[in-house]
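Numbering of residues begins at 1 and proceeds along the displayed sequence. This is a predicted model, so every value here is computed, not measured.
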Amino acid sequence: MVYVELRTRDAAWETAIKKRVKNWPPRSQTNDKAYWHMSTRHQSAVSYLTTGELFDIICDDANWNLFEDYFPKKALFLAKIDEIKQIRNRVAHFRAPHDNDLDRVRLLLKDIDTGIWKFCTSYNEQLGNLPKGFSDPATRYFAKTHPVRAVVEMNVITDSGHGEHWLYARDRLNPSLGVFLRYSVRNWATLTPPSIMGHAGVIYRVSFMALRAGDGSLAHEHVLQETQSVHKNCTHIALSGPRSMEVSVPAIVGEDAVTKTIERFVEVCSKYARFPSPTSSSWLATLANRWPEYVLPPSHPLGFLTDDMPCNMFVL
């Protein structure tokens, strides 16, 4: 949650973290990598923040508006977090818990359950039409350059009041890759015209679908390996199914980075869209573990959970 909201608000998103964290990068990251024979695949310093540091970032006055939709009122939330920190300290230092400690933890999880669900579902709310008075440079770029893509069909963002906008493959009888360009807007963002590009809180969402008939699949492993140069521009890459994947790029990184990132995935996915070997969901989960911080397996709620899927996020 901290990663998503800061990443979509600020191009230099780690600045807000450095303001609240004493050691950056965290010493725990340095220590973990020193044990090279047993270090994990995590590479981002944000993965090594403590729970207390994450709550300090969330509750910072400069950041609270990003998170207030998901948690109780700030004063109440801070009081609950202070209690949880005390419980954590007891457990970490092998002291006996208070009789009500477990109930306090359960109560906090119940209090934030709906907020975590709201965060996940809002992340997956995608839009295909622009508000009145807005334009999208990414759509203009792909419409202008699309004639060179012989086997790619694209469905792109449209202006207000218009229907779907298809860019058909030059080989219309035998396209191999379908691309859907959409965008989402974070709850805290307020859009101002004329463009969604470069706008804080806007995320470009690009879905890729292998169109080959039969048991073929998208070669996810090859795609991930050959697009690593642009992964730094992505919030997430979701391995949504054997024939598909979705890439999320925050608009705040700018037009050049957005178009280059999407273009690279279009190029590589079209290359591997007719992969003859089927891929299972379990294999995709194993593959996602190689990049655990931003590549999502099919079962990850940020990859599929929508507001028409009510559920409890915590099993209590």
Side-chain angles (χ1 to χ4, degrees), residues 1 3-4 7 32-33 36-44 46-47 116-117 119-121 123-124 126 149 151-155 174-182 184 203-249 261-306 308-309 311 313-315:
M1 179 185 290
Y3 164 74
V4 167
R7 186 78 171 83
D32 180 55
K33 298 310 175 187
W36 56 267
H37 63 291
M38 56 181 292
S39 64
T40 67
R41 292 187 174 94
H42 294 82
Q43 298 298 323
S44 175
V46 74
S47 297
I116 301 302
W117 177 87
F119 164 73
C120 293
T121 56
Y123 187 71
N124 289 318
Q126 300 187 22
R149 302 182 186 97
V151 293
V152 179
E153 284 194 344
M154 298 188 72
N155 185 288
N174 195 31
S176 61
L177 181 70
V179 180
F180 290 79
L181 178 61
R182 298 289 184 266
S184 63
I203 309 174
Y204 283 92
R205 314 297 293 268
V206 194
S207 299
F208 301 89
M209 173 71 73
L211 302 179
R212 179 186 174 95
D215 295 329
S217 64
L218 188 65
H220 299 79
E221 183 174 14
H222 294 291
V223 172
L224 289 171
Q225 289 173 342
E226 295 187 23
T227 57
Q228 288 189 75
S229 63
V230 295
H231 286 187
K232 62 181 182 293
N233 298 326
C234 305
T235 50
H236 291 110
I237 302 169
L239 310 184
S240 45
R243 299 167 65 90
S244 61
M245 68 190 308
E246 182 183 282
V247 176
S248 303
V249 185
T261 300
I262 299 173
E263 181 70 85
R264 182 57 182 159
F265 274 94
V266 170
E267 291 173 357
V268 178
C269 285
S270 61
K271 177 181 176 182
Y272 291 109
R274 296 186 173 184
F275 203 62
S277 176
T279 302
S280 67
S281 294
S282 60
W283 161 240
L284 293 178
T286 300
L287 180 61
N289 282 334
R290 297 185 191 176
W291 296 271
E293 293 159 318
Y294 60 90
V295 178
L296 308 178
S299 60
H300 199 291
L302 287 182
F304 73 89
L305 193 65
T306 55
D308 60 351
M309 303 168 68
C311 65
M313 302 303 294
F314 302 106
V315 179

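Minimum heavy-atom separation, S270 to L177: N-CD2, 3.5 Å. Of all non-hydrogen atoms in T227 and V223, the two that sit nearest each other are OG1-O, 2.7 Å. For I203 against S248, the heavy-atom pair with the smallest separation is CG2-CB, 3.8 Å. When all heavy atoms of C234 and T261 are compared, the pair lying nearest together is SG-CG2, 3.8 Å. A pairwise comparison of heavy atoms in F304 and P298 identifies CD2-O, 3.6 Å as the closest pair.
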What verdict does the side chain to side chain contact (heavy atoms under 4.5 Å, CB included) test give for T121 and M309, after you've listed the backbone C-alpha separation in whole Å, the side-chain angles of each residue and the deciding distance to 0.1 Å? CA-CA 9 Å; T121 56; M309 303 168 68; over 6 Å; no

Working note: V179 + V206, criterion side chain to side chain contact (heavy atoms under 4.5 Å, CB included); need CA distance, chi angles, decisive distance, verdict. CA-CA 7 Å; V179 180; V206 194; 3.7 Å; yes

Taking it one step at a time, do Y3 and E293 satisfy side-chain hydrogen bond (donor to acceptor under 3.5 Å, both in side chains)? CA-CA 10 Å; Y3 164 74; E293 293 159 318; over 6 Å; no

Could you check M1 against I116 for side chain to side chain contact (heavy atoms under 4.5 Å, CB included), going step by step and ending with a plain yes or no? CA-CA 9 Å; M1 179 185 290; I116 301 302; 3.5 Å; yes

Run the numbers on L305 and M313 for side chain to side chain contact (heavy atoms under 4.5 Å, CB included), then give the verdict. CA-CA 11 Å; L305 193 65; M313 302 303 294; 3.9 Å; yes

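E246 and S207 share a donor-acceptor pair across their side chains, judged by distance under 3.5 Å alone.
A 4.5 Å side-chain heavy-atom check between F119 and V4 finds at least one atom pair inside the cut-off. The side-chain heavy atoms of V268 and Q225, taken from C-beta on, include no pair separated by under 4.5 Å.
R243 contributes a side-chain N or O that, together with a main-chain N or O of A210, makes up a donor-acceptor pair within less than 3.5 Å. A donor-acceptor pair under 3.5 Å links the side-chain atoms of T286 to the main chain of S282, judged by distance alone. Side chain of R264 to main chain of E226: a donor-acceptor pair is present (N/O by atom type, distance under 3.5 Å, no hydrogens or angles). Between the side chain of N289 and the main chain of P297, no donor-acceptor pair closer than 3.5 Å is present.
Between the OG atom of S240 and the CE atom of M245 there is a distance of 8.0 Å, given to the nearest 0.5 Å. From L211, atom CG reaches atom CG of L218 across 10.0 Å, with rounding to the nearest 0.5 Å. Rounding to the nearest 0.5 Å places CG of L224 at 5.5 Å from CG of L239. Taking OH of Y294 as the reference point, atom CZ of R7 lies at 11.0 Å (rounded to 0.5 Å). For the atom pair OH (Y204) and CG (N233), the distance works out to 13.5 Å, reported to the nearest 0.5 Å. To the nearest 0.5 Å, atoms NE2 (H220) and SG (C269) are separated by 8.0 Å.
Here salt bridge (charged side-chain N to carboxylate O under 4.0 Å, His left out) pairs that include residues 233-242, with residues two or more places apart or in two chains, number zero.
A search for side chain to side chain donor-acceptor pair (under 3.5 Å) contacts involving H42 returns T40, not counting sequence neighbours.
Using cut-offs of 30° and 60° for the angle between ring planes, the H236 and Y123 rings count as perpendicular.
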